[in-house]
Amino acid sequence: MPVLPAPNFNGPCLPNQSLSYRRFSILYSLLTVHFSLFTIHRPPLPTVTTACPRNCYSTCGLRVTVEDGRLRQIEPVPENRATDHGACLKGLSYVERVHSPHRLLYPLRRNLSGGFDRISWDLALGTIAERLRAIREEHGPKSLLYYSSSGTKGLLNGVGASFWKLFGGYTTTYGDLCWPAGLEATRLTLGSNEHNAPWDLANAKLIIMWGKNAAETNIHQMTFVDQALQRGAKLVVIDPRRTETAERASLLIQPRPGTDAAIALAVGHELISKKWIDRAFIAAHVHGYDAYVDQVLGCTSQWASQVSGVPKEQIKQLAELIASSAPVTICAGFGMQRYTNSGQTMRAMMALLAITGNIGKPGAGWIFANLRTQVFGEKDPIAFYPPHAPDPLVRVSISTAMLGPQILSTQDPPIKAIWVERGNPIPQNPETPTVIAAFRSVDFRVVVEEVMTDTAREADIVLPAKTFFEQTDVIGAYWHDYLQLRAKVIEPPGEVKPESEIYWLLAERLGISKAEAERHIPTPNDAAVESWLNRRLAHLPGVTLERLREGPIRMPDEHELAFADLTFSTPSGKIELDSSDATSLWSVDRLPSYQEPVESARTGDLSRFPLHLLTPNTKNRIHSQFGHLEMLKAIEPGPVLQMHPADAQCRNIRSGNRIRVFNERGELTVPVRLDRGIRPGCVALHNGWWLQDGGAVNVLSKARETDMGHGAAFHENLVEVEAAK
Ligand SMILES: Nc1nc2c(c(=O)[nH]1)N[C@H]1C(S)=C(S)[C@@H](COP(=O)(O)OP(=O)(O)OC[C@H]3O[C@@H](n4cnc5c(=O)[nH]c(N)nc54)[C@H](O)[C@@H]3O)O[C@H]1N2
Ligand SMILES: Nc1nc2c(c(=O)[nH]1)N[C@H]1C(S)=C(S)[C@@H](COP(=O)(O)OP(=O)(O)OC[C@H]3O[C@@H](n4cnc5c(=O)[nH]c(N)nc54)[C@H](O)[C@@H]3O)O[C@H]1N2
Ligand SMILES: [Mo]
């Protein structure tokens, strides 16, 4: 058998690369046949079906070939219909990632010169237990901050919170870096976060990719976009950048960042004034329509054009397309969801579907997040409601978006110890310099990590983390609704221990009784982990590890359409354009409205910082993961700022020059790439680069919340760019 990872033959080829990609595929098939002829006598290598737990829409099934304890090949799992073409390049790169020389294999302790020394588990756990006991005694258990983020999905992630309660209590964060403004806007409007099955998109006649770059962030969705286009559908993309997704669109609208609500309200105005609405649907299923009509009365396309910088003809064209195509699906991404007006923007976008009757039908609806697999009762990872304590032992008091400033300001008790797991907050949370200052202000820091990230570098003790191939778990998703087994495939390398085992061993050292620990933490062996998981699955009829081993299961019952019965779990039981909760919970207008972002080209000091910095995702990483691998460095070797030639010319900057991008919060020096595809006045740099790579974008961002849900307004970020000296 060949040892190359299998490419994704018929998969959602990346636009622009499809030709060379196909050539490569043919070459690869020939090689495979050639090798197979010589290896045919060998028995087939064992394969295990598992699933990728990254914080990514696709959540692919993976069929893994193992030889001598090493991953050799990653192939598709056809039973997962949403991802049956197989993994992306990052998924294939696990053959490198898992065995990479960058992996941490032993506990490490910071030494006096700021470097790290390898230590034994015994010493590591002994030191941690001693420091935690002392801090607990002096300041109380809530002086410990347990910070976990989106590094991996899995039910076993919940063991951490259970352990810290056994410790006596802890402090944790609320809100989330990712999606809470959109989740809350959807909950206020539709009552719950669910959407049609991924493949239903092929039935749409108009697809609006609004602030979503699916060709990079949800590549499997593009298969269904392609199917719809082949059946005559149209694609509209709304994004300040001409993205890979936009290459397939018939209309690209490039708004000034943070102004999408103005466009949506003007489209609503246009639809109403031309009577392009579904009166019967509105009468039966929409609450607050008359108030909405009043709200959009003054929102002409002329007004929206002035606000958004989009020609008014394009706004009218969008209204016409919505009116003349049925069914319509809006795929709402996270672009316009990272501003101080995000929740209201998302509500304004959803209203367009409500007034045209595009909900609860095949090919129609709102695709943001599908939480149908969240069947385990916990809100993790979305603690997005106003801070509340679910348990007297837990202090939920630090906003994730304001992690740095609020660690520093917390009192009674102050934060004295931090435990970080599955997160890389130094480059990924807003206001990196304040996050660093906060970490340095704390007496004792433990980071559980696979690799030496910027956050691990700040730790006193670094513990080596498992990869998902090294412990069985069960995972859900947020685009399709499959529950999947994340099966163990290999033993952990070196001295790596899964988190559940670390907690088990620490419980012993902290004097927690074995009986008490056993109630919450699986004992460190595979059989105990499996029976712990089976206990967690017990409330789901027919769902067991045995059943999951046969393949993914759709949850909670297979259904293709969201809201098909047109009942909505909102206070009125209808789709709410007028929401009293919007005002009482978040102090925003009851109706969707446009509010100028706090930091924007209209509110900021343009004489100092005239450019708007966007920090989107890239197909080559999941946030701060994968960037260190050779397979991905070959494609994206380092951070590069994208800039419009007109903005470069007046600053005497040429393509390839090193530039300094800066504001009053920080600065980065990186090469520039000139590109007519980005809206003039905007520059873009992918998030996820580390400080160590020289590209950590959050040195420039401000710790600031979205209007609802306690999300992070990452994209409100004015900067200036100049040639580097
Ligand atoms: N390959 C890959 N896939 C991923 C991830 C990853 O890191 N890499 N991350 C996963 C996660 S956690 C998330 S949250 C999702 C994110 O998925 P997406 O939402 O698709 O990705 P983003 O890059 O955050 O934002 C999408 C687009 O919004 C645009 N944008 C920025 N500001 C505005 C605005 O004001 N208005 C409009 N209309 N557009 C704007 C950006 O230019 C960008 O192209 O992807 C998931 N999938
Ligand atoms: N400027 C800007 N910043 C952003 C964004 C943006 O658009 N712009 N996007 C935001 C969004 S949407 C998100 S979701 C966040 C993501 O930010 P984070 O949630 O911090 O996620 P990652 O960057 O993926 O880092 C996760 C870390 O977990 C580690 N890890 C993986 N698996 C395991 C495991 O099994 N155990 C342990 N202990 N560790 C593990 C990985 O090695 C990695 O270092 O970033 C946010 N930051
Ligand atoms: Mo995210």
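For this chain, numbers begin at 1 and follow the sequence in order. Counting starts at 1 for both ligands and their atoms, in listed order. Worth saying up front: this structure is predicted, and the values here are computed from it rather than measured.
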Which atoms from ligand 2 have a heavy atom of [X] less than 4.0 Å away?
| X | answer |
| --- | --- |
| Asn698 | 1 (N), 2 (C), 3 (N) |
| Thr152 | 32 (N), 34 (C), 35 (O) |
| Val448 | 37 (C), 38 (N), 39 (N) |
| Glu450 | 31 (C), 32 (N), 33 (C) |
| Thr453 | 44 (O) |
| Lys466 | 34 (C), 35 (O), 36 (N) |
| Ala465 | 36 (N), 37 (C), 38 (N) |
| Val697 | 1 (N) |

- request: Locate the shortest heavy-atom distance separating Gly694 from Leu668; write the atom from each residue and the value.
  value: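 Looking at all heavy atoms of both residues, the closest pair is O-CD2, 3.7 Å.
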Report yes or no: do [X] and [Y] form a side-chain donor-acceptor pair below 3.5 Å?
| X | Y | value |
| --- | --- | --- |
| Thr400 | Asp176 | no |
| Tyr147 | Asn429 | yes |
| Glu421 | Tyr146 | yes |
| Ser93 | Glu96 | no |

task: Kindly state whether the ring of Tyr94 and the ring of Phe626 have centres lying under 6.0 angstrom apart.
output: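 Close enough - the centres of the two rings lie under 6.0 Å apart.
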task: Report yes if the distance between the aromatic ring centroids of Trp479 and Phe368 is under 6.0 Å, otherwise no.
output: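 Not close enough - the centres of the two rings lie 6.0 Å or further apart.
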- prompt: Do NZ/NE/NH1/NH2 and the carboxylate oxygens of Arg704 and Glu599 come within less than 4.0 Å?
  reply: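 Result for this pair is yes, salt bridge flagged.
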- prompt: Asn429 to ligand 2: N or O pair under 3.5 Å?
  reply: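 No; the residue has no nitrogen or oxygen that sits under 3.5 Å from a nitrogen or oxygen of the ligand.
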Check: Ser149 N/O within less than 3.5 Å of ligand 2 N/O: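 Yes - when backbone and side-chain N and O of Ser149 are compared with those of ligand 2, one distance drops under 3.5 Å.
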query: Picking from Asp239, Ile238, Val225, what satisfies side chain to side chain contact (heavy atoms under 4.5 Å, CB included) with Met209?
result: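 Looking at Asp239, Ile238, Val225, the match for Met209 under the side chain to side chain contact (heavy atoms under 4.5 Å, CB included) is Val225.
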- request: Give the intermediate values and the outcome of side-chain hydrogen bond (donor to acceptor under 3.5 Å, both in side chains) for residues Glu216 and Asn617.
  value: CA-CA 8 Å; Glu216 295 201 56; Asn617 289 313; over 6 Å; no
field: Within the 4.0 Å heavy-atom sphere of ligand 1, strictly under, residues
entry: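 Residue list for ligand 1: Asn55, Cys56, Tyr57, Lys90, Cys178, Trp210, Gly211, Lys212, Asn213, Glu216, Thr217, Ile238, Asp239, Pro240, Arg241, Thr243, Pro257, Gly258, Asp260, Gly333, Phe334, Gly335, Met336, Arg338, Tyr339, Tyr478, Leu614, Pro616, Asn617, Thr618, Lys619, Arg621, Ile622, His623, His715.
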field: Over 12 foreign heavy atoms within 6.0 Å of CD, Gln595
entry: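 For Gln595, atom CD is not crowded (no more than 12 foreign heavy atoms under 6.0 Å).
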